[in-house]
There are 2 protein chains.
Amino acid sequence: MEQDILQLDNQLCFRLYSISRKMTKAYEPLLEKYHLTYPQYVTMLVVFEHEKIDFKELADRVNLKTATMTPIVQKLEQIGYVRREKNPEDNRKVFVTLTDEGKSLNTRITDVPIELAQRLQLTVDKYATLVDELDELDALLNNVLQQP
Amino acid sequence: MEQDILQLDNQLCFRLYSISRKMTKAYEPLLEKYHLTYPQYVTMLVVFEHEKIDFKELADRVNLKTATMTPIVQKLEQIGYVRREKNPEDNRKVFVTLTDEGKSLNTRITDVPIELAQRLQLTVDKYATLVDELDELDALLNNVLQQP
DNA sequence: AAACGGTTATTCGTGTACGATTGAATTAAC
DNA sequence: GTTAATTCAATCGTACACGAATAACCGTTT
């Protein structure tokens with residue numbers, strides 16, 4: 001009886017852990033032609049929304065530590081989608097901006113979420129429900145993570 | 001209009017990506033006293049269910065490639081929770097079994113999911129709903145991943 | 001029995017992911 | 001106006017995560 005709570009099949013966390021990786025894997029073939037990984041793709045989505053964004057703010061938005069974001073942005077710069085420039089008003093800070101190549105990507109890459117939605121065959125209704133439920137879970141998790 | 005589908009806030013995948021990591025982080029302080037990481041914890045949950053399990057079957061059950069599972073099981077062996085032994089009937093295969101220390105862990109570690117549920121404050125109803133919906137999404141994802 | 005095709009666990013290379021530390025730069029305190 | 005505390009991005013060490021390659025092994029076919 002008591003052991004049931006240790007059954008893998010009963011674990012919400014494992015579903016999230018597993019599904020998250022499957023989702024990343026589902027994006028992989030679609031992102032291939034843009035030479036992007038999923039974390040790099042998500043980072044680009046945030047850069048698209050800003051045109052010029054603080055490196056720190058970018059990391060916060062993607063919920064990654066700067067230690068993780070540093071190599072991601074460096075790779076995106078190497079590919080040619082973004083530029084890193086020092087903030088003249090505060091030499092500790094770094095701006096991230098789109099290159100022309102990055103702006104071009106912005107218009108072209110819309111096919112990725114469209115194609116994935118097509119493949120996933122999730123109804124608009126279920127999609128919305130899941131988003132809402134996950135947002136509630138996210139709020140609860142933020143409470144848990146607040147206190148040590 | 002068309003750009004809305006690139007908005008991070010509209011992405012189901014990003015919620016899963018982000019929440020999955022937060023969930024792992026929420027487990028961290030609870031697993032600390034057992035010297036386990038979250039992937040190691042999940043692996044132990046499967047070993048608990050079997051007493052003796054094929055290495056390959058273990059990796060499949062946790063949805064990890066053997067290349068990922070190898071160092072995880074090696075670490076668990078080093079800690080002292082499991083033993084790796086060759087299958088005498090097939091020298092390519094490896095069995096994973098619980099040590100006495102591992103069996104002791106099985107009875108003690110039930111406090112982890114209990115304490116997390118306590119902290120999360122998710123109602124039984126919402127928990128069940130989320131599990132069902134995630135299982136549906138999982139099935140759809142399996143279809144997507146089947147075809148290249 | 002030698003060769004072949006398939007399976008298995010490991011190794012390797014690349015890319016996250018993060019805590020801790022570092023070094024540079026800004027701000028606050030006195 | 002120097003010291004102290006804080007902030008920032010990068011670096012380091014550890015731990016996943018996986019594709020590809022590898023080496024050992026198995027069953028089968030010739």
Side-chain angles (χ1 to χ4, degrees), chain A residues 13-14 16-29 31-32 35-44 53-60 62-79 82 84-96 145 148, chain B residues 13-14 16-29 31-32 35-44 53-60 62-79 82 84-96 145 148:
Chain A
C13 61
F14 178 66
L16 292 164
Y17 171 62
S18 179
I19 291 177
S20 172
R21 293 203 319 279
K22 287 186 187 177
M23 196 63 106
T24 300
K25 237 172 286 185
Y27 270 95
E28 227 161 65
L31 292 173
E32 207 171 25
H35 310 290
L36 290 175
T37 66
Y38 181 73
Q40 292 164 8
Y41 167 68
V42 174
T43 303
M44 286 309 299
I53 185 173
D54 273 348
F55 173 82
K56 177 84 165 89
E57 190 186 340
L58 176 57
D60 286 347
V62 189
N63 276 323
L64 292 176
K65 304 297 170 188
T66 58
T68 304
M69 192 51 94
T70 291
I72 290 178
V73 172
Q74 282 173 350
K75 189 68 206 283
L76 290 174
E77 187 178 35
Q78 183 207 315
I79 298 174
V82 305
R84 280 157 63 232
E85 24 188 277
K86 289 223 168 183
N87 182 340
E89 290 175 5
D90 187 337
N91 271 305
R92 294 168 304 180
K93 292 191 179 181
V94 167
F95 282 135
V96 178
L145 296 177
Chain B
C13 61
F14 179 67
L16 293 165
Y17 171 62
S18 178
I19 290 177
S20 171
R21 294 203 320 277
K22 286 185 186 178
M23 196 62 106
T24 300
K25 239 174 284 185
Y27 270 95
E28 230 161 63
L31 292 173
E32 209 171 23
H35 310 291
L36 290 175
T37 64
Y38 180 75
Q40 291 164 8
Y41 167 68
V42 174
T43 303
M44 285 309 299
I53 186 173
D54 272 348
F55 174 82
K56 178 81 165 92
E57 191 187 339
L58 176 57
D60 285 348
V62 189
N63 275 325
L64 291 175
K65 303 298 170 189
T66 58
T68 306
M69 192 50 93
T70 291
I72 291 178
V73 171
Q74 282 173 349
K75 189 70 205 283
L76 290 175
E77 188 177 35
Q78 182 207 315
I79 297 174
V82 304
R84 278 156 65 232
E85 25 188 277
K86 289 226 167 179
N87 181 340
E89 290 175 5
D90 189 336
N91 271 306
R92 292 168 303 182
K93 293 190 178 181
V94 167
F95 281 136
V96 179
L145 296 177

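All values below were derived from every heavy atom in this structure, side-chain atoms included, with hydrogens, water molecules and symmetry-related copies excluded. The structure presented is a predicted model; accordingly, all values stated were derived computationally and were not measured.
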Can you tell me if [X] touches the phosphate of [N], counting only side-chain N or O atoms and a distance under 4.0 Å to OP1 or OP2?
| X | N | value |
| --- | --- | --- |
| Gln40(A) | dT16(C) | yes |
| Lys93(B) | dA9(C) | no |
| Lys56(A) | dT7(D) | no |
| Asn91(B) | dA24(D) | no |
| Lys75(B) | dA15(D) | yes |
| Arg84(B) | dT10(C) | yes |
| Thr68(B) | dC18(D) | yes |
| Thr37(A) | dT16(C) | yes |
| Thr66(A) | dC8(D) | no |

What is the distance, to the nearest angstrom, from the [atom1] atom on [X] to the [atom2] atom on [N]?
| X | N | atom1 | atom2 | answer |
| --- | --- | --- | --- | --- |
| Asp90(B) | dG6(C) | CG | C1' | 12 Å |
| Gln74(B) | dT14(D) | CD | C1' | 15 Å |
| Ile72(A) | dA10(D) | CD1 | P | 12 Å |
| Lys25(A) | dC18(D) | NZ | C1' | 8 Å |
| Glu57(B) | dT7(C) | CD | P | 17 Å |
| Tyr38(B) | dC16(D) | OH | P | 13 Å |
| Asp54(B) | dA9(C) | CG | C1' | 12 Å |
| Lys22(A) | dA17(D) | NZ | P | 14 Å |

> Is the backbone of Leu76(A) close enough, under 3.5 Å, to the side chain of Gln40(A) for a donor and an acceptor to pair up by distance?
Replying inline: no
> Of Phe55(B) and Glu89(A), whose closest DNA chain C nucleotide lies nearer the 5' terminus?
Replying inline: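 Whichever sits nearer the 5' end wins; that is Phe55(B).
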>> For Tyr17(B) and Pro71(B), find the nucleotide of DNA chain C closest to each by heavy atoms; which residue's nucleotide sits nearer the 5' end?
In response: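 So the residue in question is Pro71(B).
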>> So if I apply the side chain to side chain contact (heavy atoms under 4.5 Å, CB included) rule between Val96(A) and each of Asp54(A), Thr43(A), Val73(A), which one comes out positive?
In response: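 Filter result, single survivor: Val73(A).
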> Do Phe55(B) and Phe95(B) have ring centres separated by under 6.0 Å?
Replying inline: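 So the answer is no for these two rings.
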> Does NZ belonging to Lys25(A) count more than 12 external heavy atoms closer than 6.0 Å?
Replying inline: yes
> Do other residues, nucleotides or ligands put more than 12 heavy atoms under 6.0 Å from the NZ atom of Lys56(A)?
Replying inline: no
>> Both Met69(A) and Arg92(A) contact DNA chain D. Taking the nearest nucleotide for each, which residue is further toward the 5' end?
In response: Arg92(A)
